[in-house]
Amino acid sequence: MRNNIIKNNQTFIIAEIGNNHEGNFQLVKKMIHEAWKCGVNAIKLQHIIPEKFFAEKKQIKKYKKFQFTDKQIESLIKFSKKKKILLFWTFFDFESFEKYKSKVKAFKISSTDNNFFYFIEKIIKEKKQTFISLGLYERNHIDGLVKFLLKQDKNSYKYISLLHCSSSYPLKNHEANLSEIVYLKNKYPKFKIGYSDHTIGIDASITALSLGAEVIEKH
């Protein structure tokens, strides 16, 4: 398997569905189908075991409704393969990651886990395409992350993409700080640099492309 699934001179577009399906299996299939019709390269979901992620009973109860069974997840993987579109998840716990790591070709590390180096180490050992959101990070933190990645694998830049991200939902266009894409491309030229877009509309993504973003994850 190729480590890097992103082709040179191609912008890689990820449609972020997350948990917006709210546990409706037919709805998530429809959302995958609609994203496929739009021509995106990949679709990303989130996999959360509520008891391992939330402390409040109200949140646990809410997100339990969003969970799919193993059989449903297998079905979504097969459905996406038939569509010839990449489907992958953000995993928020070790158990889920270990369970499904052999079944997917890519991983996403969210801004909430971009400083969880023990988890990151486990993910990059798979040497599969990995997208890391840089939300909540200062520049010195990004530098520390990159040094860690290269220490784990000097060739990690071949399959890891760094995504500029401002962690606010929804994000106002003037808060996007898209000039950071230029900084990242100059500072870490070996890594593919992208943008995780939390704004409403497509203006920020288009601007990110004009600044050289090679990956767009649209929320």
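If you're wondering where the values come from, they're calculated on a predicted model, not measured in any experiment.
Inspection of the His164 and Tyr195 side chains reveals no N or O donor paired with an N or O acceptor under 3.5 Å. Of the N and O atoms on the side chains of Thr199 and Glu175, not one donor lies less than 3.5 Å from an acceptor on the other residue. Residues Asn177 and Ser166 have side chains that never bring a donor and an acceptor to within less than 3.5 angstrom of each other. In summary, the side chains of Lys108 and Ser133 do present a donor paired with an acceptor at a separation below 3.5 Å, with no hydrogens or angles considered.
For Tyr100 and Phe88, the ring centers sit 6.0 Å or farther from each other.
For the residue pair Ala208 and Leu178, the shortest heavy atom distance occurs at N-CD1, 4.1 Å.
Under 4.0 Å is where a charged nitrogen must lie from a carboxylate oxygen, and between Glu217 and Lys44 at least one such pair does. A salt bridge between Asp143 and Arg139 is absent, with no side-chain N of the basic residue lying under 4.0 Å from a carboxylate O of the acidic one. The pair Lys37-Glu34 meets the salt-bridge criterion, since a charged nitrogen lies less than 4.0 angstrom from a carboxylate oxygen. Between Lys99 and Asp70, at least one side-chain nitrogen of the basic residue sits less than 4.0 Å from a carboxylate oxygen of the acidic one, meeting the salt-bridge criterion.
To the nearest 0.5 Å, atom NZ of residue Lys103 and atom NZ of residue Lys105 are 14.0 Å apart.
Under a hydrophobic-cluster definition in which Ile, Leu, Val, Met, Phe, Trp and Tyr are linked whenever side-chain heavy atoms come within less than 4.5 Å, directly or via other members, Tyr63 and Trp89 are assigned to different clusters.
When atom types are taken as modelled, the side chain of Tyr137 and the backbone of Asn114 share a donor-acceptor pair closer than 3.5 angstrom. A donor-acceptor contact shorter than 3.5 Å links the side chain of Lys128 to the backbone of Val104.
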Evaluation steps, side chain to side chain donor-acceptor pair (under 3.5 Å), between Ser196 and His219:
CA-CA 7 Å; Ser196 182; His219 288 246; 3.2 Å; yes
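Figure legend: cation-pi geometry between Lys101 and Phe107 absent, as NZ or CZ is not positioned both under 6.0 Å from the six-membered ring centre and within 45° of its axis.
The aromatic rings of Phe119 and Phe97 stand perpendicular to each other, their planes meeting at an angle above 60°, with 30° marking the opposite boundary.
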